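Below is one structure, written out as C-alpha cells; comments come after it.
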Amino acid sequence: MTGSINKLLVANRGEIAVRIIRAAKALGIPTVAACSEADADSMAARMADEVQIIGPARADKSYLNVQALLGALQASGANAVHPGYGFLSENADFAEAVVEAGAIFVGPSAETIRRMGDKAEARRTAQAAGVPVVPGSPGELFDLDSALAAAEVVGFPLLIKASAGGGGRGIRLARDAAQLAEEFPRAQREAQTAFGNGAVYLERFIGRARHIEVQVLGDGKHAVHLFERECSLQRRRQKIFEEAPSPVLSAEQREQLCSSAVRLTQALGYQGAGTLEYLYDDSTGEFFFIEMNTRIQVEHPISELITGIDLVQAMLRIAGGEPLGLRQSDIRLNGAALQMRLNAEDPARDFFPSPGKVEQLIWPQGAGVRVDSHLYPGYAVPPYYDSLLAKLIVHGRDRGEALARARLAVEHTTLTGMASTLSLHRELLAEPWLEQADFHTGTLETWLAERRAGGVA
Ligand code: ADP
Ligand code: ADP
Ligand code: MG
C-alpha cells in the first residue's frame with residue numbers, strides 16, 4: 001500500500017476535484033481527471049495534466065462505475081486514486097479493487113471503510129473504544145417485531161436510520177409505535193433501493209442537539225485531531241453553513257470531545273483524514289457519537305484555516321507512505337472560520353434545483369477570504385449531479401471578525417445565470433440568533449418555515 005505517488009487519478013468532479021488537483025500540484029504530483037462526458041469542459045478537466053473520459057453523464061455509468069475508473073487508472077498509468085467525497089469515496093469494494101490493481105487508494109484501508117461506513121457497526125466500534133453513542137438499538141433490525149421491542153427500550157421519538165445511509169438520506173422519524181410500524185418497512189425498502197443494503201437501526205431522536213464533528217488525521221500508527229466544526233445549520237439533514245471551532249464549547253469540553261475522537265481513531269489504526277460526527281446537548285454538556293466519515297469532507301477548509309494544515313496534501317503524503325510528522329501539541333487553534341455553501345437551488349422556490357449557465361461571476365477578495373469552486377463564466381452547470389457550486393470560506397482572529405468578513409464576502413459576490421443559496425446566506429448573516437450562536441440542528445428549518453408563513457419566501 002505504501003510507495004510514493006507518481007501520478008494521481010482524481011475520481012470525482014466539481015469543486016472537490018479542483019481542490020485535489022491543487023493539492024497534488026503543490027506536491028509536484030501529476031494529475032489525471034476522470035470525467036464523465038458531461039464534464040469534459042469542467043474546470044478539473046482544464047486544470048489536470050490529463051483527462052480520461054469514463055462514461056456518459058449518468059453517475060452510475062461514470063463516477064460510480066468501478067470498472068470504468070479502473071480502466072482510466074490503467075490507461076493513464078496513474079498509481080494512486082483520490083476519491084473525494086460522495087460517489088465511491090466510502091465504497092470499500094472500490095478501495096479494495098484499486099489496491100488489487102496495484103495502486104494506492106488515498107484513504108483508509110478497505111477494512112476500515114467497511115467497518116465505519118456501516119453506521120450500526122461504527123456505533124459498536126465507538127462503544128468498544130469508550131466513546132458514548134446516542135441511545136439506540138444494539139444493532140441492525142430485520143423485522144418489525146424486533147423493531148417494536150427495541151423501541152420500548154430506546155424510547156420515542158426515534159429515528160430509523162439506514163446503516164449504509166449518507167448525505168442526509170436514509171433517515172426517518174417515528175413519534176410513536178404506530179408510526180414506527182408504518183415507517184419501518186418503508187425505511188428498509190428505501191435503504192435497499194438507495195444504498196443496495198436494506199439494514200436499518202433505531203436511534204433516539206435528540207431534538208435540540210448541535211451537530212459538532214471532529215476532524216482527525218492518522219498515519220496508521222499515530223492519530224491527531226484538528227479540533228472541531230459546528231455544522232448545526234442544516235436543511236433536510238444537509239449542512240448549509242459551518243464554522244470552526246464550535247462557538248459553545250469550553251476549552252475543557254473541547255479537550256474531552258476531541259480526545260474521544262483521537263481515542264477511536266487510534267483504536268482503528270486509522271490512515272488518512274476522517275471525521276467523527278457527534279450530537280452535543282448544550283443543556284447537559286453531553287455528547288454522543290453518531291457516525292464516522294472515512295473521507296475528506298465538504299467543510300474541511302474551515303479546519304485548514306484555523307490550524308494552517310492542508311488536509312488534502314496531508315492525505316496524499318500519508319497515502320504515499322510518509323509518517324504524519326505532527327504531534328498534537330504542534331496543532332494550534334487560531335481564530336475562527338466560517339463556510340457558506342452556495343448550491344444551485346432557489347431559496348425563494350423551496351430550494352428547487354436551478355442549474356444554469358454562469359453569466360456574471362465575481363468572487364469576493366481580501367484578507368481571510370477563500371473560495372473553493374469549479375465555476376467559470378460561461379460554464380453550464382450540468383443538471384445530473386450534486387448542486388454544490390462553491391464554498392465561500394472566511395477566517396478571522398475571532399468569530400466576530402469572521403462574521404464581519406463573511407458579510408462583506410457575500411455582499412461582494414456576484415453570480416448570475418442561476419438562482420443560488422447566496423441570497424439565503426445574506427439573510428442568515430443578518431440574524432441576531434446566528435450572531436449569538438443560538439441554534440441547534442432544527443433551527444434553520446424552523447426559521448425557513450416561519451419566513452414562508454410570513455410570506456418572506
Ligand atoms: P459532508 O459530510 O462532507 O458535509 P455531505 O453529507 O454533504 O458531506 O455529503 C457530501 C456528498 O456526498 C453529497 O453529495 C452527498 O449526497 C454524498 N454522500 C455522502 N454519503 C453518501 C452515501 N452514503 N451515499 C450516497 N451519497 C452520499
Ligand atoms: P448522514 O450519514 O446522512 O450524514 P447522520 O447520521 O450524520 O447522517 O445524520 C445527519 C443529520 O441528521 C445530523 O447532522 C443531525 O442533524 C440529524 N441527526 C442524526 N441523528 C440524530 C439523532 N439521533 N437525533 C437528532 N438528530 C439526528
Ligand atoms: Mg453525517
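Being a predicted model, the structure only gives us computed values, none of them experimental. Whatever order the structure lists them in is the order used to number ligands and atoms, beginning at 1.
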Exam field: side chain Lys239 to backbone Arg341, donor-acceptor pair closer than 3.5 Å: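 Here the side-chain-to-backbone pair does not exist.
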Total protein N, O or S atoms, the Mg ion (ligand 3), separation less than 2.8 Å: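 N, O or S atoms of the protein closer than 2.8 Å: 2.
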For [X], the ligand 2 atoms whose distance to one of its heavy atoms is below 4.0 Å:
| X | result |
| --- | --- |
| Glu203 | 20 (N), 21 (C), 22 (C), 23 (N) |
| Lys161 | 6 (O), 19 (C), 20 (N) |
| Thr441 | 16 (O) |
| Arg204 | 22 (C), 23 (N), 24 (N) |
| Ile290 | 7 (O) |

Test: Arg13 cationic atom under 6.0 Å from Phe87 six-membered ring centre, within 45° of axis: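 Here Arg13 fails the 6.0 Å and 45° test against Phe87.
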Neighbouring residues of ligand 1, heavy-atom cut-off under 4.0 Å: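 Under the 4.0 Å cut-off, ligand 1 touches Tyr85, Gly86, Ala164, Gly165, Gly166, Gly167, Arg169, Lys239, Asn293, Arg295, Gln297, Val298, Glu299, Arg341, Asp386.
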Ring center gap for Phe105 and His82 short of 6.0 angstrom: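 No, the ring centres sit 6.0 Å or more apart.
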Pairs touching residues 273-292 that satisfy ring pair (Phe, Tyr, Trp, His ring centres under 6.0 Å), sequence neighbours left out: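 Every ring pair (Phe, Tyr, Trp, His ring centres under 6.0 Å) pair that includes a residue of residues 273-292, provided the two are not neighbours, is Tyr278-Phe287.
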Taking 4.0 angstrom as the limit, do [X] and [Y] come out as a salt bridge?
| X | Y | value |
| --- | --- | --- |
| Glu304 | Arg370 | yes |
| Arg123 | Glu203 | yes |
| Glu121 | Arg124 | yes |

Val81 and Val106, any side-chain heavy atoms less than 4.5 Å apart: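 They are not in contact (no side-chain heavy atoms under 4.5 Å apart), so the answer is no.
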Heavy-atom check, side chain of Lys391 versus side chain of Met340, under 4.5 Å: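 No, their side chains stay 4.5 Å or more apart.
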Side chain to side chain donor-acceptor pair (under 3.5 Å) contacts touching residues 131-145 (sequence neighbours left out):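 Passing the test, one end in residues 131-145: Asp143-Ser146.
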Nearest heavy atoms of Leu429 and Val410, plus distance in Å: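 That closest heavy-atom pairing would be CD1-CG2, 3.7 Å.
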Plane angle bin for Phe227 and His225 - parallel if under 30°, tilted between 30 and 60°, otherwise perpendicular: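 Answer is perpendicular, since the angle exceeds 60°.
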